[in-house]
There are 4 protein chains.
Amino acid sequence: MSSTFGTHFRITTWGESHGTGVGVVIDGCPPRIPLTREMIQQELNRRRPGQSDIVTPRKEEDAVEILSGVLDDLTLGTPIALSVRNKDHRSSAYDEMQHTYRPSHADYCYDAKYGIRAWAGGGRASARETIGRVAAGAVARAVVQALFPGVEIISWVEQVHGIACPVPPEEVSAAVVESNIVRTADGNTAERMAAAIREARSSGDSLGGVVACTIRHCPVGLGDPVFDKLEATLAHAMMSIPACKGFEVGSGFAAAQLRGSEHNDSYYMEGERVRTRTNRSGGIQGGISNGEAINMRLAFKPTATLMLAQPTVNDRHQEVELRGKGRHDACVLPRAVPVVEAMAWLTICDHLLHQRALTGC
Amino acid sequence: MSSTFGTHFRITTWGESHGTGVGVVIDGCPPRIPLTREMIQQELNRRRPGQSDIVTPRKEEDAVEILSGVLDDLTLGTPIALSVRNKDHRSSAYDEMQHTYRPSHADYCYDAKYGIRAWAGGGRASARETIGRVAAGAVARAVVQALFPGVEIISWVEQVHGIACPVPPEEVSAAVVESNIVRTADGNTAERMAAAIREARSSGDSLGGVVACTIRHCPVGLGDPVFDKLEATLAHAMMSIPACKGFEVGSGFAAAQLRGSEHNDSYYMEGERVRTRTNRSGGIQGGISNGEAINMRLAFKPTATLMLAQPTVNDRHQEVELRGKGRHDACVLPRAVPVVEAMAWLTICDHLLHQRALTGC
Amino acid sequence: MSSTFGTHFRITTWGESHGTGVGVVIDGCPPRIPLTREMIQQELNRRRPGQSDIVTPRKEEDAVEILSGVLDDLTLGTPIALSVRNKDHRSSAYDEMQHTYRPSHADYCYDAKYGIRAWAGGGRASARETIGRVAAGAVARAVVQALFPGVEIISWVEQVHGIACPVPPEEVSAAVVESNIVRTADGNTAERMAAAIREARSSGDSLGGVVACTIRHCPVGLGDPVFDKLEATLAHAMMSIPACKGFEVGSGFAAAQLRGSEHNDSYYMEGERVRTRTNRSGGIQGGISNGEAINMRLAFKPTATLMLAQPTVNDRHQEVELRGKGRHDACVLPRAVPVVEAMAWLTICDHLLHQRALTGC
Amino acid sequence: MSSTFGTHFRITTWGESHGTGVGVVIDGCPPRIPLTREMIQQELNRRRPGQSDIVTPRKEEDAVEILSGVLDDLTLGTPIALSVRNKDHRSSAYDEMQHTYRPSHADYCYDAKYGIRAWAGGGRASARETIGRVAAGAVARAVVQALFPGVEIISWVEQVHGIACPVPPEEVSAAVVESNIVRTADGNTAERMAAAIREARSSGDSLGGVVACTIRHCPVGLGDPVFDKLEATLAHAMMSIPACKGFEVGSGFAAAQLRGSEHNDSYYMEGERVRTRTNRSGGIQGGISNGEAINMRLAFKPTATLMLAQPTVNDRHQEVELRGKGRHDACVLPRAVPVVEAMAWLTICDHLLHQRALTGC
């Protein structure tokens, strides 16, 4: 169902960019999980516009309100409703969008599908929609960490246009990622990436890139063959993020160029624990987590809104020219990082509860 | 839910490799759709082992039986149950698998997750599981083509190890793909790929590769933001196929290296039809089909079963050595092609019915 | 899933009695359906406390806010979020409830199930939860009436304790029902019922009764055998309403005492329309609507909160005595009527969309 | 979704009366549950035609085959497919049904809904469809009893036409119920009921009645407010059984005639266990099991097929006369008993797994 994600830990997000607000309802959250407003707000702050000079300068506080499902900082087991009011409306910046289809945006397709469109600010297709994901992801994180304290999920910007971050997944530190405005895993690379983003913005252009994500200490046994294999639901989660064009796990597309004798991960015993010497499987075998780090990479296209003139058509089917207005990210990746983490927490949480239903684990 | 796929056109597959058989139940199929046993069998024949000298020589007829839901070659609107009996059991070839975990296979993870495992032939983790997908996909295809006669889905092997097929998606012909045993889009490339597969097999090794898929003449408006965007459900579908490690749509990972001014697809009018001059979006914008060809690429890892000695562990947690037995594909791609097409038909069919519920389209 | 109802027109309600508010999110609502805030508020006003002297005197405005999914009084096809802020908190009246289990209430079971409980005002188990149902029901009604203008749903109080309303379903008028504070189908009966309710309240006691509901001009063909037969999903919907203890359709429990020759409904032709001479089937045959009126009856138990001393236990497992406080309905039926109608609209709407997916009807 | 029931323990039934066979696939069954073919066959034998002189004399062995999901009498955690081949086809007895609508049957509605109908023997609307329910119910029972050994579900015929069984739910013995062909709870009553059924059959007529069901030793805490309250999902389950016209739990419709002071169940302590002195709640409060017996009653209409001439219409919309042929039950209740039990096991099992997901219970 369109705006609902998950089977056991099921979230439904709502809200248009320039409407009253945006939010999410979580149905199926276990009871007695410690949860404060701050735990949610902290993640929203990482996604918020205006947090640095390389992201959109829009001013949104994005203050979350917990409307239900929590009492005295504990979840009740009943639906948790979270809402964020919209503040910074400048619909006039979007007037032209009412009838003109922005290239590589959702405008035309929304009109074609629904026959109606909340045109101001992109409506439901705005990146503002991801607020509900990030808020719900913070709750999923609280659940997973309450049930399995060691699980850790870190996402970072691995590549911006031609600049790649050289740090391998197992060496990435959350502290380093949060210490630079690009959210990459290495300080020097961060500066080069930030410079590239500033250059693109100043030319009215934008840049694509790659976000990586690693899930550490994931319990063995998550993932539900044959259709809800762990990599399949992770792919579903990630490919639903605005601007995401590709997903790979473990060896990914590099696997295509390998022989089996090069690709297979050998098992060995590390004390009582079954481990693999390499991790081309990316922590998932047969659709089920094997206890190694789950490593993913996501391709993001460059922001579609440009401050350059572009040919396009309008809703009267006339060919016209459009030049972007409004305040946009010249590169979505730094703000995509908390969204990617949120989707990973939501997916892991859902599988954990399924595994508990199935085996009582 | 594990073995169920789809919301409106919902399939549930069942069956282990060396059990009584495998099959699928389809719930939600529209009534009065023309459907014959031959339409299903024909697709199963494309997936069948033993169809050429570069696939596993196992002998399986894979004859499908329609158990319910069809009367006089028309669907009834009630559940369609399809089943295929298993024939070629050689469990002795798998005796060693009962206690030893094959590297990069599902054995260890199934044991860890379920605490029990149908070890012969890989059980539920066997590629034999995909029979239910292909059978259901043939029904989905019948539905889609009855409702929207022009829709066409073609999948082909685009790369085997280092050998890539040079034909762009818009020039691929289904007839050419079916005319060569590799199922690639070019005859000369097919011979080189087949030679590489034979070489790998003779060395007891295996090869990875890339399968491409294009959906032509897809109706505008399919895909359900924000979580069931068309690319997200396609990614879910494809990443659930055994051995699939990566998925991309349109520009995919190449988008990471582009600027927005290079990546955006300009709209123009072709008569009354809104079209894009380029197709880096891959036929999907904002999660919704825009009428252009939907182009995808899937990375497949090399077959994990090798006829080479490999270090591993057993279920008593001892380190041992294993050499593959049984009859396996040295490259899964030629037989993966009909599976990829089936998953695409299933996904499109589900979205079509959802769109019909939502708008009466 | 606990707080989610429906498959295609899917609602998720949230909110505790004495929390910030209550509300609902609707996912799957068709686009371009006329919908105003007033259409929703009008139904909430029928459910609101304090509307007459025979219902609870609590003062709640129950003003609804449309947070998303609607633009210029038309639905967008995106999730519709509706919320009502709580106003009249008097938690002190409920202090005793924090540790003492009210007889025939949900207190003990919530503690046993969740290990935590929003005790003030009954939390999620409060009748206040039904606000989300009524609000969503108003949207469902707008959808059904936009697609099939003639459909009409009327619910009324058919019995209060020993007093039954003599009007048969086909003669019930919505205007009469709304013209009396009991919401029964006959003015004289209304006065006797109101008197009985006042008498019960003055003795600190409460009364049970029966609510009837008829769906007129329902399209033929709704209902989805074998598990989502129309009567089965209606039963699910109705039995989920607080205090509902029984459900019957058509002849209901009276069928048990009949012979087939007395019970069968003969078909005949009325012009081009297939009709039945009697309607013991209650408008549903084989789980599918046949075009006759769908007639249901629901048994409601007397309100559990009494102003009388009752023996019970507390959460320390001590036997104690409890006397109800707070402001409660001595008979829930007059305010249950809009809830029953809402659940009927939601159910019919969901089946309509399913039928559209299945047959394009 | 039409032929799918349950969220966690999810079954999909398939099959028409006179097709190849009928069956069910169970997705979500926990692994390592002891399960033999005999455990399933035994329940099917209780449902089978021809088991006594008061049920239809059709000869059907109804031999079940386990096609997947079970190894060495243990469930694998993968889908369990069960099938029963149809044997006793006498389609000629149904020739007239091809174009004539049997009164109070599903024929007309299936034609109206689907535009096509498997007319022989009623197709999907045949009581034969319940085989899948009973088979899956046996698996659900195995799961529930493996996880909570004490749970017991007994169903019995409480009333046939005017004859009621005087045994209260708490005194009903499964052994007595199975010792008489009517499946009532008292030997003398059984003889009178059997005589009434024989009399009805000899006059070509049929009888309605009431089936009761009790769930003993159900764990406290099952049921998921606000929509999947235990009584709501039980009502859904039961009202989906062919010929069921009404459902009540605990006091049911009798509650309508009571005052709160008469209806409330007082809590008291029985050692460490919270209990109620009376059980008008029927073991469920606030939608959640409270540990007392869950008592339900279901109204069944008299069999619609009569050996008497009845006026009706045909599919060319002509008014015609029809006299039933074929071999039918003059009273469905004795064979409905195992179906009611199966639906109760399925519902309890689904809630148990949900509770395990939610709380790890």
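By convention in this document, chain letters (A, B, ...) are assigned in the order of the sequence lines, proteins followed by strands, and residues within each chain are numbered from 1. The basis for the numbers below is simple: all heavy atoms, side chains too, and nothing from hydrogens, waters or symmetry mates. The shown structure was predicted, so the numbers you read here are calculated from the model rather than taken from an experiment.
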Contacting moiety of A/Cys29, where chain D heavy atoms sit under 4.5 Å: backbone

Residue, of D/Val143, D/Thr359, D/Thr78, D/Leu147, that accumulates the most heavy atom pairs under 4.5 Å with chain A: D/Thr359

Minimum-distance pair of heavy atoms, taken over all atoms of D/Ala357 and A/His8: CB-ND1, 4.3 Å

Shortest non-hydrogen separation from A/Leu358 to D/Gly28 and the atoms involved: CD1-O, 3.6 Å

